[in-house]
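Given the structure is predicted, the values throughout are model-derived calculations rather than measurements. Note on naming: letters A, B, ... go to the chains in the order of the sequence lines (proteins, then strands), and numbering restarts at 1 for each one.
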2 protein chains.
Amino acid sequence: MERMSLDEVDARHSRPTMKDVAALSGVSIKTVSRVVNGEAGVSSDVAERVLAATVKLDYRRDLSASSLRRGDGKSQTIGLLLEDVSNPFSSALHRAVEDVAREHGVVVFAGSVDEDPDRERDLAAALVARRTDGLVIVPTAPDQSYLARERRNGTPVVFVDRPPVQLEADHVVTDNLAGARDGTEHLVRHGHHRIAFLGDLSTISTARERYEGYVDALGRAGLALAPDLVRRDLRTAEQAQAAVEELLALPDPPTAVFASQNLVTVGALRALRHAGLHRTVAVVGFDSLPMQDLLDPGVTIVEQDVRRLGAIAAEMLFQRIAGDTSPARSVVLPATLTERGTGEIPGPFAS
Amino acid sequence: MERMSLDEVDARHSRPTMKDVAALSGVSIKTVSRVVNGEAGVSSDVAERVLAATVKLDYRRDLSASSLRRGDGKSQTIGLLLEDVSNPFSSALHRAVEDVAREHGVVVFAGSVDEDPDRERDLAAALVARRTDGLVIVPTAPDQSYLARERRNGTPVVFVDRPPVQLEADHVVTDNLAGARDGTEHLVRHGHHRIAFLGDLSTISTARERYEGYVDALGRAGLALAPDLVRRDLRTAEQAQAAVEELLALPDPPTAVFASQNLVTVGALRALRHAGLHRTVAVVGFDSLPMQDLLDPGVTIVEQDVRRLGAIAAEMLFQRIAGDTSPARSVVLPATLTERGTGEIPGPFAS
DNA sequence: CTGAAAGCGCTTACAG
DNA sequence: CTGAAAGCGCTTACAG
């Protein structure tokens with residue numbers, strides 16, 4: 001092969017390709033490809049010359065071009081659709097997924113959906129267009145059937161935290177109903193009958209399940225559901241705080257609060273603290289709070305195993321990417337209550 | 001053009017390409033490309049037929065193939081290297097970068113470096129191999145000169161939170177020295193002379209700058225630096241907690257603590273709380289704590305504007321991607337102290 | 001052990 | 001308004 005000088009090659013002054021490396025080392029691009037991919041069957045002096053050229057040119061293989069031609073067509077990327085990359089639950093999930101992806105040599109696109117169905121669809125489309133090998137999704141849209149087509153055409157999808165709607169697909173979720181029931185029963189056991197429920201957006205399945213768990217626990221305890229104590233669709237800590245302030249102003253206020261999501265719990269704690277009732281009104285929250293161990297009294301929380309949630313979802317996805325076509329699986333992880341103080345404040349019926 | 005039936009096309013049962021759409025609608029792939037890209041100059045009946053075929057086949061354009069051929073070669077992706085996607089500082093930065101990227105129709109790869117230089121290099125290489133259009137990096141490695149080659153070959157890089165070492169490049173950072181000085185001077189002003197310093201890993205430039213700010217403040221106040229009160233290289237809340245426990249056991253313990261990073265602050269608060277000294281020993285922290293408003297007393301914090309840090313870095317990156325070749329710029333944002341309680345606990349020399 | 005040709009899915013640069 | 005040919009950077013499938 002005709003050999004080129006470094007200057008001649010450099011004159012192109014765009015990112016070097018295998019062609020440039022080939023020209024500089026005087027071999028064909030097929031040989032460069034062999035060396036770059038560490039394939040056997042290249043004489044050591046040629047390999048050395050090629051390697052030297054890659055170093056001299058700072059050659060970087062183009063993985064997307066490579067995957068375009070490759071048989072499997074894998075891009076070594078996956079996509080992750082979260083509620084909001086910056087919230088503690090989402091970002092813990094993100095890290096768990098990343099750790100599994102790294103073991104597979106795969107990098108991850110992450111994006112925030114903000115509970116907006118259009119954004120879920122747009123982001124999924126953007127990632128499919130970039131040929132991610134698969135998607136892990138915390139679903140928001142009222143319906144995930146649109147993903148059936150993507151899956152059929154080769155992009156596997158695994159759902160986490162919430163099950164998909166109108167689509168049979170792998171998912172990993174927490175047993176929200178049982179967790180919420182446990183949390184509410186814990187309050188009943190500590191002598192509370194007037195237990196308020198604070199809920200996130202009812203469009204979110206986990207929020208509905210936690211409400212069901214609350215209702216279920218009251219039913220089992222033979223307590224009537226008091227509609228005046230139920231505040232759902234709270235979207236922010238501020239709204240939750242206002243809701244609790246209203247509840248406290250009731251003629252017959254609650255003696256305990258079941259706060260079914262972490263931001264909602266924060267709002268409830270603020271309202272109680274401002275009212276000076278944080279040692280009087282019991283609280284059980286759902287989902288861990290950052291720095292909860294610094295709070296006084298400590299907050300009793302029903303906790304999800306977020307890292308396991310993310311790790312299992314990612315592992316399921318990689319099995320699908322590897323070709324697993326078995327029927328969709330559903331994994332349900334338990335939520336566990338940890339007593340820290342606020343949940344053990346005794347109520348009027350404490351024994 | 002010879003028209004194919006849906007069954008004939010579907011028989012390939014792999015992800016449909018423009019070729020498939022072309023076959024089904026009886027046109028050339030160039031015409032499909034025109035329709036898919038919304039280019040003008042296609043008769044409406046042909047456009048309609050092509051569109052119908054894309055819908056029937058669930059055709060999804062392959063953006064990576066498109067960008068491979070395209071002149072600009074942009075992949076519409078960027079990479080973000082963070083300390084740990086799941087820590088509050090990193091994930092807030094992530095969200096800010098994502099929001100700017102979204103405006104540009106760009107999706108973002110995010111990854112955790114965990115203060116490991118090798119991981120920084122590996123991740124950067126993995127992203128360059130996937131031809132991200134640019135990189136936003138919180139640098140960890142002792143030297144970023146390796147990125148000069150990537151930049152020269154067409155991948156712009158912007159640094160955030162910490163300046164790059166051995167490389168002239170755009171960066172956005174907080175004025176850590178001034179922030180730490182302000183925080184320390186705040187304690188001096190409230191009557192403290194024995195002020196402990198708790199620091200993160202000294203390999204991190206921000207940790208060193210904050211230490212300098214502390215030293216600077218003592219100097220300005222005419223106070224001697226007491227080496228027994230300086231604890232650096234604390235990597236976790238647990239280590240910080242242990243460090244404060246040791247400090248409290250000193251014959252002449254500190255009356256105030258300057259905790260120069262959020263996890264370190266958490267550890268310090270725990271130690272003081274356990275010792276029952278959280279209303280006695282003053283604390284000023286650097287970097288906000290999640291839920292800090294629920295703590296009692298509230299924690300006085302020197303805060304960075306994380307969202308602005310991320311937004312500016314992302315905007316700088318997109319300018320570079322758009323072709324801006326002006327000299328490297330450095331943006332320094334102020335950190336501002338917010339009084340919340342712990343920083344105003346009076347010391348023995350309070351006036 | 002090495003290379004020329006073809007092709008991955010798309011767009012460019014033409015031609016008609 | 002539409003299409004045939006070439007090519008982006010790489011790998012496959014051959015041939016020698």
Side-chain angles (χ1 to χ4, degrees), chain A residues 1-3 9 12 14-50 54 57-76 128-131 153-155, chain B residues 1-3 9 12 14-50 53-54 57-76 128-131 153-154:
Chain A
M1 294 246 114
E2 192 63 34
R3 205 137 151 206
V9 172
R12 310 200 218 297
S14 59
R15 185 179 282 287
T17 67
M18 282 193 175
K19 208 167 133 196
D20 300 320
V21 176
L24 185 61
S25 41
V27 297
S28 76
I29 67 162
K30 175 64 228 193
T31 295
V32 174
S33 171
R34 283 195 183 93
V35 174
V36 166
N37 289 295
E39 283 174 36
V42 179
S43 72
S44 58
D45 60 321
V46 168
E48 228 164 90
R49 222 163 64 221
V50 170
T54 63
L57 293 173
D58 293 319
Y59 170 74
R60 303 286 180 265
R61 183 160 64 126
D62 185 333
L63 261 191
S64 20
S66 155
S67 102
L68 176 61
R69 185 61 186 88
R70 254 207 175 81
D72 62 357
K74 296 285 183 290
S75 64
Q76 309 270 74
V128 167
R130 284 161 185 82
R131 294 300 184 267
N153 283 335
T155 304
Chain B
M1 293 248 117
E2 192 65 33
R3 204 136 151 209
V9 172
R12 311 200 219 296
S14 58
R15 185 179 282 288
T17 68
M18 282 193 174
K19 208 169 132 193
D20 300 320
V21 176
L24 185 61
S25 43
V27 299
S28 75
I29 67 163
K30 175 64 228 191
T31 295
V32 175
S33 171
R34 284 196 183 92
V35 174
V36 166
N37 289 295
E39 281 173 37
V42 179
S43 72
S44 59
D45 59 323
V46 168
E48 229 165 89
R49 222 162 66 221
V50 170
T54 62
L57 293 173
D58 294 318
Y59 170 75
R60 302 286 180 267
R61 184 161 64 126
D62 185 333
L63 261 190
S64 19
S66 155
S67 101
L68 176 60
R69 185 61 186 87
R70 253 206 175 84
D72 62 356
K74 295 285 183 289
S75 64
Q76 309 269 76
V128 167
R130 284 162 185 82
R131 293 300 183 266
N153 283 335

**Message:** List the residues meeting side chain to side chain contact (heavy atoms under 4.5 Å, CB included) with Asp72(A), not counting sequence neighbours, and say none if there are none.
**Reply:** Arg70(A), Lys74(A)
**Message:** Can you measure Asp45(A) atom CG to dT2(C) atom C1' for me and round it to whole angstrom units?
**Reply:** 12 Å
**Request:** Using whole Å, report how far CE of Met18(B) lies from C1' of dT12(C).
**Result:** 13 Å
Please produce a list of atom pairs where a protein N or O lies less than 3.5 Å from an N or O of nucleotides 5-8 of chain C.
| unit_1 | atom_1 | unit_2 | atom_2 | d |
| --- | --- | --- | --- | --- |
| dG7(C) | N2 | Arg69(A) | NE | 2.7 |
| dG7(C) | N3 | Arg69(A) | NE | 2.7 |
| dC8(C) | O2 | Arg69(A) | N | 3.3 |

**Message:** Tell me every residue that passes side chain to side chain contact (heavy atoms under 4.5 Å, CB included) with Asn153(A), counting only those two or more places apart in sequence or in another chain.
**Reply:** Arg15(B), Pro16(B), Asp58(B)
Short N/O separations, protein against nucleotides 14-16 of chain D, under 3.5 angstrom:
none

**Request:** Figure out the CD/P separation between Glu39(A) and dC10(D), and round it to whole Å.
**Result:** 14 Å
**Asked** If you find the nucleotide of DNA chain D closest to Val42(B) and the one closest to Arg131(B), which residue's nucleotide is nearer the 5' end?
**Response** Val42(B)
**Message:** Show me the dot-bracket string of DNA chain C, counting Watson-Crick or G-U pairs under 3.5 Å, with | for pairs to another strand and [ ] for crossing ones.
**Reply:** |||.||||||||.|||
**Message:** Does a side-chain N or O of Ser64(A) approach OP1 or OP2 of dC10(D) to a distance below 4.0 Å, or not?
**Reply:** no
**Prompt:** Of the nucleotides dT2(D), dC10(C), dG3(C), which has the atom closest to the Ser66(B) side chain?
**Reply:** dC10(C)
**Request:** Not counting sequence neighbours, which residues clear side chain to side chain contact (heavy atoms under 4.5 Å, CB included) with Leu68(B)? List them please.
**Result:** Asp62(A), Ala65(A), Leu68(A)
